[in-house]
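Since the structure comes first, as structure tokens, the remarks are kept for the end.
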Amino acid sequence: MPRLTADFYLREDTLAVARELLGKILVTHFDGQRTAGVITEVEAYRAPEDRACHAYGNRRTPRTEVMFRPGGCAYIYLCYGLHHLFNVVSGPEGMAHAVLIRAVEPIEGRDIMCQRRKYAAWENLLPKQKIALTTGPGALAQALGFHARQSGQSLTDPHSPMWIEDQGMHLAETDIARGPRIGVDYAGECAQWEWRFWIKHSPFAR
DNA sequence: CAAACGATCGGCT
DNA sequence: GCCGATCGTTTGC
């Protein structure tokens, strides 16, 4: 299956990019280990106006510099000293827009994901454990093997070990739910913006 | 140079 | 529900 190309990521409408990432397939291929999952939950972040965005007010720091690159690369950072959160940079160069991937449904390399998460083998997991394996941004990033040192890597370069595919899953507007973003209470009125989207009936989304 | 702070998770009550 | 873990980034002195 072909990777999504730069034109998908370069669009300025961050909310459209976020919604359209639902149902796409996030794939990693690190050290010969291939894992993939259907994207089921996302959040949009968008400088300069969004207080919850690390690049709020278009402030550039060494960490957030990659958010200003042309859309189509990864922004991965360490959160709470423990979790590596994976984002897709979008928008044209100079606009710090990104979509946080919050959950996926595993479809390939399930046992590799289990190893990385220190879970038992997939087929021995309880239904609740299968869901916990890749639901939540820290959990899915660990399962797919993401690390902050990979921040800035391309999703569109044919040789890059991380990418997103369209395998033809179609979602109607009525299949998509939206609500406020999680964990951004510090962001004033931006915290109420409904910039979080998920596949309505997926068990792999809150 | 010191200190505060997270776009979270999992275990325990 | 609550709380502790844990550390790079950022900011302020």
> Could A:Glu165 and A:Arg3 be called an ion pair, given the rule that one side-chain N must be under 4.0 Å from one carboxylate O?
Replying inline: no
Measuring centre to centre across the rings, with the benzene-like ring taken for any Trp, is A:Tyr45 within less than 6.0 Å of A:His97?
no
Residue pairs meeting salt bridge (charged side-chain N to carboxylate O under 4.0 Å, His left out), one or both in residues 170-181 of chain A, sequence neighbours left out, come to A:Asp50-A:Arg181
Per the 3.5 Å Watson-Crick/G-U criterion and a run length of at least three, the stems involving DNA chain B are B:1-6 with C:7-12, B:8-12 with C:1-5
For residues 19-31 of chain A, the side-chain hydrogen bond (donor to acceptor under 3.5 Å, both in side chains) pairs (sequence neighbours left out) are A:Arg11-A:Glu20, A:Thr28-A:Thr35
Assess whether side-chain hydrogen bond (donor to acceptor under 3.5 Å, both in side chains) is satisfied between A:Gln142 and A:Arg117, documenting all intermediate values. CA-CA 6 Å; A:Gln142 184 181 24; A:Arg117 298 270 288 131; 2.8 Å; yes
Across all chains, not counting sequence neighbours, the side chain to side chain contact (heavy atoms under 4.5 Å, CB included) partners of A:Arg69 are A:Val66, A:Cys73
Is A:Glu43 salt-bridged to A:Arg102, cutoff N-O under 4.0 Å? yes
Taken in chain and number order and not counting sequence neighbours, the residues that satisfy side chain to side chain contact (heavy atoms under 4.5 Å, CB included) with A:Ala98 are A:Met67, A:Asn87
A:Gln150 atom CD is separated from C:dG8 atom P, nearest whole Å, by 16 Å
Protein heavy-atom contacts under 4.0 Å, written 5' to 3' over nucleotides 2-13 of chain B as B (base), S (sugar-phosphate only) or - (none), form the string ----BBBSS---
Next on the checklist: What's A:Arg196 touching, base or sugar-phosphate or nothing? Going by heavy atoms closer than 4.0 Å.
Outcome noted: nothing
> Roughly how far apart, to the nearest Å, are C:dG8 and B:dG10 at atom C1'?
Replying inline: 22 Å
